[in-house]
Amino acid sequence: MPLLDNLNAEQLAAVTLPDQHALILAGAGSGKTRVLTTRIAWLISTGNVSPAGVLAVTFTNKAAREMATRISAMLPISTRGMWIGTFHGLCNRLLRAHYRDAGLPQLFQILDAQDQHAFVKRLLKSLNADENRFAPAQVQYFINANKEEGRRAGDVEAFDDFSRRLVEFYAAYDEQCQREGVVDFAELLLRSYELLSRNELLREHYQGRFRHILVDEFQDTNRLQYRWLKLLAGHRSERRDAAGGESASSCLFAVGDDDQSIYRFRGANVGNMADFERDFRVENVIRLEQNYRSQGNILAAANALIANNRRRLGKNLWTQAGKGEPIRVLSARSDAEEAAWVAEEVRSLGREGLARREMAVLYRSNAQSRVLEHALFSAGIPYRVYGGQRYFERLEIKHALAYLRLLANPEDDGAFLRVVNFPPRGIGARTLEQLSDAARAAGTSLWQAVPRVAGKGGSALAAFARTIEALRGETRELPLAEVVEHMLAGSGLLDHFRAERDGADRVENLEELTNAAAAFAQEAAAEGAGAAEPDGPPDPLAGFLAHAALESGEHQAAEGADALQLMTVHSAKGLEFAAVFVTGLEEGLFPHEQSRKEDDGLEEERRLMYVAITRARSRLYLSFAQTRLLHGQTRYSVASRFVEEIPGEVLKWLAGRVSRPQFEDVAWETPAKKMPVPREIGAMGYRIGQSVTHPKFGQGVIVSAEGSGAEARLQVNFGRQGMKWLALEYAKLTPA
DNA sequence: TGAGGGATGGGACCA
DNA sequence: CCATCCCTCA
C-alpha cells in the first residue's frame, strides 16, 4: 500500500497496529505527525473505521489544521466527517450541540484569559474582598487549577479561612458565569466532561461513535483532559464514576514524548503517560527513536543532556545522517556582545546561502529579545519576533467583540462594562456604581437595570442603551460581515480611532475584522453544506465570537518576508530550523531562578533545553553572557550547567577578540577557553564580578556587596549551588 | 474624565 | 530598565 511506503519499522508498526490501545513514545523529529496522520488514513482506507468514527485531538489550532490537511492529501475523501480539533474546540462543538443538556444558554460566550481576569476582578469587588489578600490573578489561578483537576467549588477541601474564602469566590464565580451565560476555557472542558458523564444516552452515543481516538502531544494533557479522554473511550473506571453500562471501549492512540513535557506550569501532567499505560493495560508501547531532523552531534548533545533527568520513560535518538558540524559555543562578555555575535553569525550563514527564515534565535524569557532586536536592527537584518499581541487580543478588537457580544446577549455584563463608556460618552464611575447597585438589588444584569438608573432617557446611559438597541434592530437579518460593519460604524469605534493621532493601525485592524467575519461566514457555509450533522452553531454571530475566543488569530500573513525568527524556547516547540541559536545559557536565567523552588523544576528546565537543542537540523549555537542587564542593573552570571552537561567532544568553543565599539573585525573562530571575567568597582578588596572559591559551595562569582568592615556581606552566585549572601568576616573565600 | 506621578514588580503558553 | 497599576489633581 503506497500509504505505507517509506515508513521505518517502528512507524509502520505504530500505523498498522491492531485495534488496541497504544502509547507511542515519539522522540523529537521522529515523524510523529506523519505516524498520526498515516494511522488515520490507514484506518479509513482499510475500511476499519468510517471518517465519522475518528476523533483526533491536538492542543493548537495549527496542529489540528496541519493534521486535517495532511490527511486529506492522503485520502480521496474529505475530512469533514472527522472530529479533528483542539480539546477546547471539540468541547465547544459538543456544548453547542447539546447546550440544553449542558445547562447553558444557546448563545453562551467564551471568556478568554483577559476576560476572565476582568470578570474575577469585578466579582471580587462586588463581594468586597480584601484586595490586599486576594489578588484577582491568584483567584483566577485557583479557579482554573481546580477546574483542570475536575473539581467544582463543592469538591475543594478548605483547610483554613483563607482557602475557605477562595472556595467561596470559586462558587460565586461559577454562579455569576451561569447568570451571565459565559464560559471560561477550563469550563469548556469540565462542562463537557460533566455533560457526558451525567447523560448516559449522550455518552453511549459518542462512545459508540468514536471507535478510534487519537491524541497528539499526550504529555501535555492535564488531569481533566485525560479523564475526558477516558470517558469518551469508554474506559471502565470513568464509566463507573458515571454510573454507566457496559460497552466496548474504543481505541485510544496516544502519541507523546515525556522528554518534551514543558508545560507543567499550565497544568500538564506527564504522569498521564504512565497512568495511561496502567489504566488501559497498554501492551503496545512503541518507541520512535530514529530522528530525521538533526545531525549526529546535535543528537549526541540532546541525548547526553536529557540523560541527566531521572524520571523518564527512556529513549535515545539516533540518525543515519553524519555527525555534521560541531556545536559552537560562545562565552560573551555581555548580553550586547552576545547579540552582536548572533547578528554577525547570521550574516555569515546568509553568505553561505542559508535563508534567514531557516534560522532561529531562541531565549528563555521574552525580556531577552530586546537586546537581540537592537543588535539585529543595527546590523540591518530582517527579523520577526513571535509571541506578541495576537489579533483577537488587541484592545480595539476586544472592544469591537464586546459590542458584538452585546448584540448576541445584552446580559453579558463583562461586555457591557468594557464598552459602556468606550468610546467615551460621559458615563463615569458614579453612574456605573449606581447601575451595579441597582442590578444587584434587583438581581438582574446591568443591562436590565439601565431603565432604573437612566430615568427618562436624557442621560448618557440611556443614549448608550438606545445605540445598542438600534444596532440590534438594524443588524438582525444581516449577513455576518455586514453586522460587523454596522457595529463598527454605529458604536463610534471607527470614528474614535480615526480621530486619534496614532489610530491608523487600529482603524486598519478594525476594518480587518469585517474581512475576518466574511471569511468565517464563507467557511461556515461551505462546512454546513457538507456536514451531515445538525450540530453547527445555529447563529453565525455566536459562531464567530466562539471562533474569536478559541482561535486568537495567529494567521499573520506577513510570513512572506525572509526574516530571522526570534522566539522563546517554549514557542519553538514543534518547529525546526536549519540553524538554531540558543542564547542566554546562564545559571539563574536558563535554568531559571524560579525553577529551583519547584519540585521537578530543574528537570523541566532541562527538558526545555532538550526541546531547544532538538529544533536544529544542521547548525547549533549555544551562547551565554558573563554580564547581563536585567531589571535595570548588571547581573554577573556563570555558564548554565546545561552547557557542561553536553559532551566536550561535540562542542567547539569560540571567543572573540572584541574591538570595541564595532564588531567588524572579530575573529570569532579563534579557539579559546573562557574569557576573563570583567572587573568593576568593588568593595573591601573584592571586586564585583570577581571569581571566588568557597570550600563548600565551590566556584562562584561575586554579584554584589553591602555593608563595610566587619558587617560586610557579599552576594555570590555559585551556579547550581545558588545565590548566597556571605559574611565577609566568616566566609572562607579565596580568589579563583 | 483623563493626564501624569509614584510605587511596584518582573517566567514560560495555548485554548 | 520597563510596563502596569493606582492615586491625585486639574
Side-chain angles (χ1 to χ4, degrees), chain A residues 57-64 85-93 110-117 121 131-132 135-137 141 144 147-148 183-190 192 216-217 220-222 224-225 228 260-268 335 362-371 374 386-390 392-393 420-432 460 500 546-554 567-574 584 588-598 601 604-605 607-609 611-612 628-635:
Chain A
V57 198
T58 63
F59 276 87
T60 65
N61 289 298
K62 192 178 163 201
T86 63
F87 278 102
H88 296 86
L90 295 170
C91 287
N92 177 55
R93 190 167 174 178
I110 299 168
L111 298 182
D112 68 15
Q114 272 180 53
D115 300 331
Q116 191 191 23
H117 183 86
K121 205 168 163 183
E131 292 172 26
N132 298 317
Y141 173 82
N144 290 339
K147 286 191 180 182
E148 282 165 9
V183 160
D184 61 58
F185 284 135
E187 183 71 22
L188 285 172
L189 253 305
L190 184 50
S192 68
D216 191 15
E217 306 279 17
D220 288 340
T221 50
N222 64 35
L224 179 57
Q225 284 160 339
W228 187 88
Q260 292 189 69
S261 162
I262 57 172
Y263 285 118
R264 217 178 49 132
F265 68 91
R266 69 175 198 211
D335 48 354
L362 309 184
Y363 35 81
R364 176 65 179 78
S365 69
N366 281 306
Q368 290 166 251
S369 78
R370 185 181 294 278
V371 186
H374 179 77
Y386 273 69
Q389 269 253 332
R390 311 253 204 74
F392 286 116
E393 286 166 6
V420 64
N421 194 38
F422 196 94
R425 39 175 81 89
I427 299 171
R430 199 173 30 88
T431 311
L432 289 178
E500 216 175 48
H547 167 80
L550 291 172
E551 177 121 25
S552 35
E554 180 60 23
M567 65 190 83
T568 63
V569 182
H570 281 94
S571 42
K573 183 159 167 246
L589 186 60
F590 195 1
H592 197 277
E593 195 75 63
Q594 295 287 119
S595 69
R596 68 169 58 248
K597 300 191 191 86
E598 303 152 9
E604 176 129 331
E605 294 287 305
R607 292 192 289 269
L608 195 54
M609 181 64 180
V611 168
R628 180 176 297 277
L629 216 51
L630 202 63
H631 304 333
Q633 54 185 348
T634 307
R635 299 268 291 245

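Naming: A, B, ... by sequence-line order, numbering from 1 per chain.
Minimum heavy-atom separation, A/T58 to A/A63: CB-CB, 3.9 Å. The two atoms that bring A/H117 and A/P136 nearest to each other are CE1-CB, 3.8 Å, heavy atoms only. The shortest heavy-atom contact between A/F59 and A/R266 is CD2-NH2, 4.3 Å. Between A/V57 and A/T86 the shortest heavy-atom distance is CG1-C, 4.2 Å. Across A/N92 and A/A546, no two heavy atoms sit closer than the pair ND2-CB, 3.9 Å. Heavy-atom minimum distance, A/D220 versus A/A268: O-CB, 3.4 Å.
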Using the side-chain hydrogen bond (donor to acceptor under 3.5 Å, both in side chains) rule, take A/N144 and A/Q116 through it: C-alpha gap first, then chi angles, then the decisive distance, then the call. CA-CA 10 Å; A/N144 290 339; A/Q116 191 191 23; 2.8 Å; yes
Steps toward salt bridge (Lys or Arg N to Asp or Glu O under 4.0 Å) verdict (A/K573, A/E217): CA-CA 11 Å; A/K573 183 159 167 246; A/E217 306 279 17; 3.5 Å; yes
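In this view, A/A549 and A/I110 satisfy the side chain to side chain contact (heavy atoms under 4.5 Å, CB included) rule, not counting sequence neighbours. Judged as a ring pair (Phe, Tyr, Trp, His ring centres under 6.0 Å), and not counting sequence neighbours, A/Y141 has no contacts.
Put simply, the side chain of A/E148 does not reach to within 4.5 Å of the side chain of A/Q225, judged on heavy atoms.
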Between N or O atoms, less than 3.5 Å apart, protein on one side and nucleotides 1-4 of chain B on the other: list the pairs.
residue: B/dT1; atom: OP1; partner: A/N421; partner atom: ND2; Å: 3.4
residue: B/dT1; atom: OP1; partner: A/I427; partner atom: N; Å: 3.2
residue: B/dT1; atom: OP1; partner: A/I427; partner atom: O; Å: 2.4
residue: B/dT1; atom: OP1; partner: A/G428; partner atom: N; Å: 2.5
residue: B/dT1; atom: OP2; partner: A/A429; partner atom: N; Å: 3.1

Reading 5' to 3' through nucleotides 5-10 of chain C, protein heavy-atom contacts under 4.0 Å coded B for base, S for sugar-phosphate only, - for none: ------
Across nucleotides 10-15 of chain B, 5' to 3', mark each nucleotide with B, S or - according to how protein heavy atoms within less than 4.0 Å reach it. BBBBBB
Watson-Crick and G-U pairing of DNA chain B, under 3.5 Å, as dot-bracket with | and [ ]: ||||||||||.....
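Taking the six-membered ring wherever Trp is involved, the centroid distance between the rings of A/F265 and A/H570 falls below 6.0 Å.
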